[in-house]
Protein chains: 2
Amino acid sequence: MSRSGPDGATQEPTGAGRPRAGRRRGVSMADVARLAGVSAQTVSRVSTGHPGVVDSTREQVLAAMRQLGYRPNSAARALKYGEFRTIGVILFTLSSTGNSRTLEAIATHAADAGYVITLIPVGAPTQDRLLGAFTRLGELAVDAVIVIMEVHLLDAATVAVPPGVHVVVVDSDAGDRYRVVDTDQADGARQAVHHLLDLGHRTVWHVAGPRESFAAQRRALAWRTMLQERGRPTPQVRRGDWSAESGYRAGLDLAGDPDCTAVFVANDQMALGVLRALHDRGRSVPRDVSVVGFDDIADAGAFIPPLTTVHQDFAEVGRRCVEAVLRQVRTGVPETGTTLVSTRLVVRESTAPPPGG
Amino acid sequence: MSRSGPDGATQEPTGAGRPRAGRRRGVSMADVARLAGVSAQTVSRVSTGHPGVVDSTREQVLAAMRQLGYRPNSAARALKYGEFRTIGVILFTLSSTGNSRTLEAIATHAADAGYVITLIPVGAPTQDRLLGAFTRLGELAVDAVIVIMEVHLLDAATVAVPPGVHVVVVDSDAGDRYRVVDTDQADGARQAVHHLLDLGHRTVWHVAGPRESFAAQRRALAWRTMLQERGRPTPQVRRGDWSAESGYRAGLDLAGDPDCTAVFVANDQMALGVLRALHDRGRSVPRDVSVVGFDDIADAGAFIPPLTTVHQDFAEVGRRCVEAVLRQVRTGVPETGTTLVSTRLVVRESTAPPPGG
DNA sequence: TACCTCGATGTTTACGCAAACATCGAGTGT
DNA sequence: ACACTCGATGTTTGCGTAAACATCGAGGTA
């Protein structure tokens with residue numbers, strides 16, 4: 001059998017009126033040009049808004065476009081221009097509020113600049129998967145990439161970034177290799193600790209995020225540094241995995257320590273768990289123990305009691321990411337260095353002076 | 001400081017040597033072909049994995065590809081094939097857990113099928129914005145669209161879907177026009193009410209979501225229907241906007257009604273607010289009042305007390321969306337009808353028999 | 001009037017890829 | 001030995017667009 005078609009069956013004659021699944025070969029400039037009685041180039045000029053087309057002609061062309069339902073083929077444009085007007089976003093998970101909201105801001109601001117976002121999900125945070133994502137990236141139609149993740153892993157992947165594709169990273173210490181945009185974790189943590197010490201607490205306990213997280217590292221470091229600067233003892237760190245469940249375990253542990261009157265928890269979800277643990281152990285918040293979180297998630301104000309926490313401006317992080325990445329695309333010059341977005345402490349009802357303080 | 005990369009320092013001699021912002025005119029098949037000493041078509045065959053290339057030749061080509069860092073230009077491929085292998089996702093917001101997780105599942109499953117996701121954010125849920133999104137869609141390089149939203153608005157936008165672009169909708173009643181994939185809201189609500197009645201509560205109060213939401217409508221309808229079927233009184237509905245804050249207000253209201261011993265809240269965030277309101281008013285959960293939520297967000301188990309709630313399988317919703325949309329792309333035949341994803345009740349500690357029951 | 005300018009529009013070409021078709025040469029059958 | 005087959009590879013072509021260049025005609029200038 002002459003294997004002319006993929007399945008050896010009779011190949012359809014493309015001219016016949018079969019609906020051709022998938023192929024939607026739409027209206028092209030040539031079709032519009034024919035109807036309007038002009039050349040395809042004139043249609044192109046109208047379509048791109050170039051000057052040098054007389055009004056009457058322009059009107060004719062626009063009418064023809066409307067009549068045929070013409071829409072420019074972005075693949076052809078991309079081919080011609082050598083750019084896709086697309087930004088890839090590599091991320092591990094959307095389950096964290098921060099990632100979702102950053103992504104949303106990125107998408108919005110990219111859209112404003114005429115760019116669209118392509119999502120490149122990386123199943124699990126392993127080197128393999130990440131390299132796979134970067135490899136796939138090579139075949140993807142993107143002009144630039146924003147990476148949202150914990151970035152020890154980025155090292156090995158460095159080589160894999162296709163040449164000419166610009167990179168911005170969120171939540172990383174890769175500022176020596178890429179442009180990094182991040183919340184000012186250290187300052188946020190300092191505000192939290194400062195607030196608790198100012199209320200009169202002798203020192204502040206800490207429930208940290210996972211060891212691999214740079215955000216967690218920096219929050220913990222700032223907490224420790226601040227206590228040392230003020231000459232306060234630094235209690236042993238409890239460590240969670242960002243989940244409320246892990247916060248609950250840490251909270252049970254802390255509840256057993258009568259000295260503990262103030263806790264800085266590295267995120268709101270774990271803080272929720274801490275609150276429940278303290279509640280379960282009969283320790284009143286804020287009367288017996290004060291708790292400060294980090295993130296200011298939407299629900300923080302509805303916790304029992306409403307949580308004092310460090311507000312992160314994810315929208316601003318997203319905005320800066322897009323700004324930086326498009327700047328690189330425009331100039332063609334890769335950037336390095338870190339851009340910090342400031343935080344602010346939102347004081348609610350989970351903090352108070354220490355008992356008898 | 002030399003880092004010899006594209007820093008403005010020694011640029012690779014790409015013709016004139018100017019860094020050409022944006023243009024990254026990479027390695028093409030022709031370049032690979034030249035180096036490997038074969039024709040471009042042979043490179044193409046290797047690149048697409050077509051048979052009919054002898055091993056030695058293939059090796060040569062692959063070596064040349066590696067050496068030059070070749071990666072296929074997806075714009076050219078898209079132009080040639082007439083398809084983009086891209087699915088657009090239109091959504092209003094990622095701030096709801098459900099949307100984020102559905103999106104994540106969509107992205108993952110699309111990736112498995114060799115498709116990528118393009119995000120089309122719609123700022124505000126207004127007809128104008130939505131029409132704008134659909135219009136932009138026309139210029140976008142997508143083969144199909146998944147719409148995640150409340151869909152009264154979809155009516156007007158119907159006409160705007162470009163021909164040949166297939167559509168799947170989440171959370172809608174547009175099943176007569178599009179394929180709709182959704183959680184089985186009604187069944188979830190029935191399970192919640194059933195559970196509370198079985199515990200011995202005389203009837204069940206309801207805190208509903210916003211009037212415009214189809215999910216909210218269906219949950220409320222199922223709640224009402226179930227009570228009527230069982231011959232129970234149907235208390236007046238309290239209505240919130242999905243936020244914990246609105247749940248708190250509804251909760252304060254309910255706390256004032258001593259008859260109220262069981263509440264079905266239309267989502268977990270509002271349930272969080274209800275819990276806090278009951279706590280603030282000194283009504284113990286579940287001793288005095290039982291509360292059931294909807295969604296089973298990650299934190300639900302850490303509420304005070306841990307929340308009994310209806311678990312939604314967002315991952316499955318996303319999977320079914322991709323499945324349906326790709327089926328339409330493959331066959332070229334648009335589908336209608338509704339696909340329901342089942343729910344299950346997760347019983348935790350916020351429900352118990354009524355006081356004195 | 002002859003010549004030039006300049007604006008409006010048309011024609012050619014290339015972007016990178018892969019289907020369709022062409023070629024070439026080594027084996028196969030008679 | 002000759003035609004013939006078939007697999008491996010090369011050549012041509014076109015996808016839709018827009019830059020670069022070509023043309024054409026109206027109006028201005030000497």
Side-chain angles (χ1 to χ4, degrees), chain A residues 1-8 11-15 20 22-34 36-61 65 68 70-85 138-141 164, chain B residues 14-15 20 22-34 36-61 65 68 70-85 138-141:
Chain A
M1 275 294 108
S2 69
R3 36 182 309 284
S4 64
D7 27 348
Q11 191 73 356
E12 71 219 7
T14 322
R20 300 273 288 169
R23 287 289 163 95
R24 78 186 138 90
R25 287 279 171 258
V27 182
S28 77
M29 287 201 324
D31 302 319
V32 177
R34 204 169 307 121
V38 300
S39 73
Q41 182 57 31
T42 299
V43 177
S44 169
R45 280 189 265 258
V46 172
S47 170
T48 53
H50 276 215
V53 179
V54 111
D55 281 354
S56 61
T57 310
R58 178 186 310 279
E59 274 316 313
Q60 258 177 337
V61 171
M65 282 180 173
L68 295 174
Y70 167 76
R71 52 204 190 96
N73 178 316
S74 54
R77 281 199 169 158
L79 179 59
K80 190 86 181 92
Y81 288 135
E83 59 177 30
F84 304 99
R85 301 194 74 79
E139 294 156 22
L140 249 43
Chain B
T14 314
R20 299 274 287 168
R23 287 290 162 92
R24 76 187 140 89
R25 288 276 170 262
V27 182
S28 78
M29 286 199 328
D31 302 319
V32 176
R34 205 169 307 121
V38 299
S39 74
Q41 182 55 31
T42 299
V43 177
S44 167
R45 280 190 266 257
V46 172
S47 171
T48 52
H50 277 214
V53 180
V54 110
D55 280 354
S56 61
T57 311
R58 178 185 310 278
E59 275 316 313
Q60 259 178 335
V61 171
M65 282 179 172
L68 296 175
Y70 169 76
R71 58 205 188 95
N73 179 314
S74 55
R77 278 198 174 159
L79 180 58
K80 188 92 180 91
Y81 287 137
E83 61 176 28
F84 304 98
R85 299 194 75 77
E139 294 156 20
L140 249 43

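Values reported hereafter were calculated over all heavy atoms of this structure, with side chains retained and with hydrogens, waters and symmetry mates removed. Small disclaimer: the values here were computed from a predicted structure and weren't measured. Convention: sequence-line order gives letters A, B, ...; per-chain numbering from 1.
Within residues 38-45 of chain B, the residues having any heavy atom under 4.0 Å from DNA chain D are, by residue number, B:Val38, B:Ser39, B:Gln41, B:Thr42, B:Arg45.
Closest to the side chain of A:Val54, out of C:dA18, D:dA19, C:dT9, is C:dT9. Nearest nucleotide to the A:Val53 side chain, out of C:dA19, C:dC17, C:dT9: C:dT9. Candidate nucleotides C:dT9, D:dA18, D:dG14 were compared by shortest atom distance to the side chain of A:Met29, and D:dA18 ranks first. Which of D:dA18, C:dC17, C:dC15 sits closest to the side chain of A:Arg77 comes down to D:dA18.
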May I have the step-by-step check of side-chain hydrogen bond (donor to acceptor under 3.5 Å, both in side chains) for A:Ser47 and A:Arg77, ending in yes or no?
-> CA-CA 12 Å; A:Ser47 170; A:Arg77 281 199 169 158; 2.7 Å; yes
Verdict with reasoning, B:Phe84 to A:Ser74, per side chain to side chain contact (heavy atoms under 4.5 Å, CB included) = CA-CA 10 Å; B:Phe84 304 98; A:Ser74 54; 4.1 Å; yes
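Between B:Val61 and B:Met65, some side-chain heavy-atom pair lies under the 4.5 Å cut-off. Using a 4.5 Å heavy-atom cutoff, the side chains of A:Arg58 and A:Thr42 are not in contact.
Taking atom CE of B:Met65 as the reference point, atom C1' of C:dC17 lies 12 Å away to the nearest angstrom. Remark: P of D:dT13 and NZ of B:Lys80 are 13 Å apart, rounded to the nearest angstrom. If you measure from atom CD of A:Gln60 to atom C1' of C:dT9, you get 12 Å, rounded to the nearest angstrom. The distance from atom CZ of B:Phe84 to atom C1' of D:dG16 is 10 Å, rounded to the nearest whole Å. In this structure, B:Asn73 atom CG and C:dC15 atom C1' are separated by 8 Å, rounded to whole Å. A straight line from CD of B:Glu83 to P of D:dG16 spans 14 Å, rounded to a whole angstrom. Remark: P of D:dG16 and CG of A:Leu79 are 12 Å apart, rounded to the nearest angstrom. Note: NE2 (A:His50) to C1' (D:dT17) measures 12 Å, nearest angstrom.
Considering only side-chain N and O atoms, B:Tyr70 lies under 4.0 angstrom from the phosphate OP1 or OP2 of C:dC17. One finds a side-chain N or O of A:Tyr81 lying less than 4.0 angstrom from the OP1 or OP2 phosphate oxygen of D:dA18. Between B:Ser47 and C:dC17 there is no side-chain N or O to OP1 or OP2 distance below 4.0 Å.
The nearest pair of heavy atoms linking A:Met29 to A:Ala40 is CE-O, 3.6 Å. Closest approach of B:Val27 and B:Tyr70 over heavy atoms only: O-CD1, 3.4 Å.
Here the options are A:Val53, A:Val43, A:Val46, the test is side chain to side chain contact (heavy atoms under 4.5 Å, CB included), and the partner is A:Val38; only A:Val43 passes.
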